[in-house]
Amino acid sequence: MSDHEYQARFRTRWVRMKRRGNTRLLVLAFLASAGATVLVTWVLVTIFGHKQEARTPFVRVAEVDEISTDPVPWGKNWPHQYDGWKATAGDKFYGGSSAMPQSKLETDPWLKRLYAGYAFSIDYREARGHAYMLYDQGVTERVTKKAQAGACLHCHGSTTVLYRKVGLEAMDEPSDPEALAADFNMPAVQRGFEELSQKPYQEVLALLKSVPDGTPDDPETVFPEAPAGGFNGEFAGKPVPENHPSMGEAHPVTCIDCHDPQTMAIRVTRPGFMQGIAALAESDDPVPHLPSITRWRKSGRKTKYDPNVDASRQEMRTFVCAQCHVEYYCANKMTLTFPWGNGLKMEDLESFWDETTFPDGTEFFDYIHGETGAPVYKVQHPEFELWSQGVHARAGVSCADCHMPYERVGAMKLSNHNVQSPMLNINNACQTCHHVPEQELRDRVATIQDRTRSLLERAAGAMTSMLDAIMEAKAAGVTDEQLANVFELQRKAMWRLDYVSSENSKGFHAAQEAARILGESIDYSRQAEALALRLRGPKAPSTKDLPTKPIEGVSDRAAKAASSK
């Protein structure tokens, strides 16, 4: 083969190889382009789908209205929130006496002396999730062994339909299921609340079971109901009557108690809170953490403050919790009352009760102390009030931000309805603001709570020493009239100790405020103890003839030195 033929053949092969390479490149380019097109299309379709999902966060497959206290139909429309609400029971709902939580009276025996003469000295246990709020109230010996008022159901049950029905009847207006379902009607709810607040607990519970719950064809509640009369079959220490009605359903706090069934907007439904927050707005207490009240005050106060109208959505994310997690009077001598007329600080609440009288004109008290006979106050669970004095409130952080933090479910941003301690969900509850490791946050909380617990124990020790001294004085013949000032100090000491021990954050909601309150409790207990001991003992001898050395300061020594020159 000549060189010329070889070169020609080589050029031919090279051209063919080049053409094949170009073809492969074209094929690869086509495939890459097609893949990119598919990917972009998938991304666009996904974005479009998420936008549509975000625009329509739920599909209304079941109708709910103002009698839908049963959460089941709500769960069909809002399954993620419903699952979260059910999760407050844990993996399984545990009923029965063997499943009851730890007794605080066994953990802290001094509580029996703090609450001597009051039902809490009989049965007082650690709290469980919202799923248990009605069940645990129905079986506690505070209810089965002692007479309690229907006001106790204000927060533990889904009561708005009952309040509205009783209110409408008292106002001579229609109260059939159709009328109940049509409108929330806050004036009627308020009236029913006032009608029922002082009636016996068991009577109001029976009425609660008799009102419609929106699911007449479903005879079962999501969570088991408490056995009538608790584990011993007693109402206020007596056997359950044979004619006691056992039919009907009652639900713990459910969706309707915090949400409008048509719009799902957050709303306040509890009459006690409506009255309390209006009184707070009318007061002069500075509330920088509640800007809507400040705006309302500056606007001229032309209408009564209404959180459902005046409050911001962020404020409502606290108010729906503050409907129940607060201090209040809850017994049968007057309507359930939130003591906010002077403000939200501990002293404000105390002064409110000091100024309060019962309808018969007698001075207000919660119970007569079983040991000393002093009239004293009982604090409930002032989480909202203590939080109001803390840094998180000042920073605009709501209850829901920490206890029901936002989470992503697909394209939706939802509030986690498994209401629980932020320590169980630190990433969502804390680290959105605090960009530090989880362990550091745990350590911060532990430090606050450990210090609060230490102060609490010292305050409890001071309280028990005070009670011992008072009892010794009484045994020595000191009269109640002579002990009047001691009883006043006792009330102040016990109110402050109870304020922190009953508040469920162990001081975290406002660490310095909790420490201040416990410090005052210790001081008042020691003052009462010292005064009781003086009253008990013989008159102190005179000290004027005892040898003393004058107190000298630097200036005194300098003056003497100058005069000696």
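For clarity, every value in this text was computed on a predicted model and none was experimentally measured.
- When atom types are taken as modelled, the side chain of Asn416 and the backbone of Met404 share no donor-acceptor pair closer than 3.5 angstrom.
- Side-chain N or O atoms of Asp108 include none that pairs as donor or acceptor with a backbone N or O of Leu111 at under 3.5 Å.
- Side-chain atoms of Asp401 and Ser398 form a donor-acceptor pair, as typed in the model, at a separation below 3.5 Å.
- Between Val268 and Asn308, the shortest heavy-atom contact is N-OD1, 2.7 Å.
- Side-chain contact between Tyr201 and Thr144 is absent, with no heavy-atom pair separated by less than 4.5 Å.
- With hydrogens and angles disregarded, no donor-acceptor distance shorter than 3.5 Å links the side chain of Glu440 to the backbone of Pro437.
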**Study point:** Test log, rule side chain to side chain contact (heavy atoms under 4.5 Å, CB included), inputs Glu503 and Val379
**Key:** CA-CA 9 Å; Glu503 200 275 337; Val379 188; over 6 Å; no
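- Checked by atom type and distance alone, the side chain of Ser121 pairs as donor or acceptor with a backbone atom of Tyr118 at under 3.5 Å.
- For Asp310 and Arg295, the salt-bridge test fails: no basic side-chain N is under 4.0 Å from an acidic carboxylate O.
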Exercise for review: Start with the C-alpha distance between Glu347 and Trp495, add both sets of side-chain angles, then the distance that settles side chain to side chain contact (heavy atoms under 4.5 Å, CB included), and finish with yes or no.
Suggested key: CA-CA 10 Å; Glu347 294 90 344; Trp495 162 262; over 6 Å; no
If you look only at distance, which donor and acceptor atoms sit under 3.5 Å apart when one is on a side chain in residues 80-92 and the other is two or more places apart or in another chain?
unit_1: Trp85; atom_1: NE1; unit_2: Val253; atom_2: O; d: 3.2
unit_1: Thr88; atom_1: OG1; unit_2: Trp85; atom_2: O; d: 2.7
unit_1: Thr88; atom_1: OG1; unit_2: Ala131; atom_2: N; d: 3.1

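- Scanning all heavy atoms of the two residues, the minimum distance from Cys330 to Ala151 falls at SG-C, 3.6 Å.
- Across all their heavy atoms, Thr356 and Phe352 have their closest contact at OG1-O, 2.6 Å.
- Proximity of Pro71 to Val222: side-chain heavy atoms (C-beta onward) are separated by under 4.5 Å at one or more points.
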Check your understanding: Would Asp213 and Ile67 satisfy side chain to side chain contact (heavy atoms under 4.5 Å, CB included), going step by step from the backbone distance to the final call?
Key -> CA-CA 6 Å; Asp213 68 352; Ile67 61 172; over 6 Å; no
Practice item. Test side-chain hydrogen bond (donor to acceptor under 3.5 Å, both in side chains) on Glu383 and Asn504 and set out the steps. Key: CA-CA 7 Å; Glu383 284 87 51; Asn504 284 301; 3.1 Å; yes
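- Between the side chains of Tyr305 and Ser292, at least one donor-acceptor pair of N or O atoms lies under 3.5 Å.
- In this structure, Arg491 pairs ionically with Glu350, as a charged nitrogen and a carboxylate oxygen lie closer than 4.0 Å.
- A 6.0 Å sphere centred on CZ of Arg458 holds no more than 12 heavy atoms belonging to other residues, nucleotides or ligands.
- Using modelled atom types, no side-chain atom of Gln490 and backbone atom of Tyr524 make a donor-acceptor pair closer than 3.5 Å.
- Without hydrogens or angle criteria, Ser502 side chain to Tyr499 main chain gives no donor-acceptor distance under 3.5 Å.
- Residue Arg451 qualifies as open at atom CZ: its count of foreign heavy atoms under 6.0 Å is 12 or below.
- No more than 12 heavy atoms of other residues, nucleotides or ligands sit less than 6.0 Å from atom NZ of Lys76.
- Taking 4.5 Å as the limit, every side-chain heavy atom of Gln137 sits out of range of all side-chain heavy atoms of Leu205.
- Separating the CG atom in Leu456 from the CG atom in Leu497 is a distance of 5.5 Å, to the nearest 0.5 Å.
- To the nearest 0.5 angstrom, Lys345 atom NZ is 12.0 Å from Glu385 atom CD.
- Scanning all heavy atoms of the two residues, the minimum distance from Trp74 to Ser68 falls at NE1-O, 2.9 Å.
- Closest approach of Leu441 to Cys430, counting heavy atoms only: CD1-CB, 3.7 Å.
- Geometric assessment of Arg317 against the ring of Tyr406 yields a positive cation-pi assignment under the 6.0 Å and 45° thresholds.
- Contact detail for Ile277 and Met274: the closest heavy-atom pair is CG2-O, 3.6 Å.
- If you take CH2 on Trp78 and NE2 on His417, they are separated by 10.5 Å, rounding to the nearest 0.5 Å.
- Using modelled atom types, no side-chain atom of Arg267 and backbone atom of Met316 make a donor-acceptor pair closer than 3.5 Å.
- Proximity of a side-chain donor or acceptor of Arg128 to a complementary backbone N or O of Pro101 within less than 3.5 Å is not detected.
- Counting only N and O atoms by type, the side chains of His154 and Ser197 include no donor and acceptor under 3.5 Å apart.
- Rounded to the nearest 0.5 Å, atoms NE2 (His381) and NE2 (His325) are 7.5 Å apart.
- The CE atom of Met463 lies 9.5 Å from the CG atom of Asp468; values are rounded to the nearest 0.5 Å.
- Seen from the ring of Phe120, Arg142 counts as a face-on cation partner, given the 6.0 Å and 45° thresholds.
- Side chain of Glu407 to backbone of Asn428: no donor-acceptor contact under 3.5 angstrom is found.
- Residues Asp498 and Tyr377 have side chains that never bring a donor and an acceptor to within less than 3.5 angstrom of each other.
- For the atom pair Gln420 CD and Cys402 SG, the distance stands at 12.5 Å (nearest 0.5 Å).
- Taking the six-membered ring wherever Trp is involved, the centroid distance between the rings of His392 and Phe508 falls below 6.0 Å.
- A 6.0 Å sphere centred on NZ of Lys104 holds more than 12 heavy atoms belonging to other residues, nucleotides or ligands.
- The aromatic ring centroids of Tyr135 and Phe223 lie 6.0 Å or more from each other.
- Here Lys492 does not pair with Glu520 in a salt bridge; the nearest charged N to carboxylate O distance is not below 4.0 Å.
- Glu220 meets the side-chain hydrogen bond (donor to acceptor under 3.5 Å, both in side chains) test with no other residue; sequence neighbours excluded.
- Within 6.0 Å of the NZ atom in Lys378, the count of heavy atoms belonging to other residues, nucleotides or ligands exceeds 12.
- When atom types are taken as modelled, the side chain of Gln449 and the backbone of Ser505 share a donor-acceptor pair closer than 3.5 angstrom.
- Aromatic ring orientation, Phe273 versus Trp340: perpendicular (interplanar angle above 60°, classes split at 30° and 60°).
- Using a 4.0 Å cut-off between charged nitrogen and carboxylate oxygen, Asp123 and Arg125 count as a salt-bridge pair.
- Of the charged side-chain nitrogens involved, none lies within less than 4.0 Å of a carboxylate oxygen, so that Arg496 and Asp523 do not count as a salt-bridged pair.
- A salt bridge does not link Arg394 to Glu513: none of the charged nitrogens lies less than 4.0 Å from a carboxylate oxygen.
- More than 12 heavy-atom neighbours from other residues, nucleotides or ligands sit within 6.0 angstrom of CD on Glu438.
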**Study point:** Evaluation steps, side chain to side chain contact (heavy atoms under 4.5 Å, CB included), between Thr140 and Lys145
**Key:** CA-CA 9 Å; Thr140 178; Lys145 291 188 178 299; over 6 Å; no
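- Note: Phe384 and His289 have tilted aromatic rings, judged against thresholds of 30 and 60 degrees for the angle between ring planes.
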Please table the atom pairs, donor to acceptor, closer than 3.5 Å between any side-chain atom in residues 155-163 and protein atoms at least two apart or in another chain.
unit_1: His156; atom_1: ND1; unit_2: Met133; atom_2: O; d: 2.6
unit_1: Ser158; atom_1: OG; unit_2: Asp257; atom_2: OD1; d: 3.3
unit_1: Ser158; atom_1: OG; unit_2: Asp257; atom_2: OD2; d: 2.9

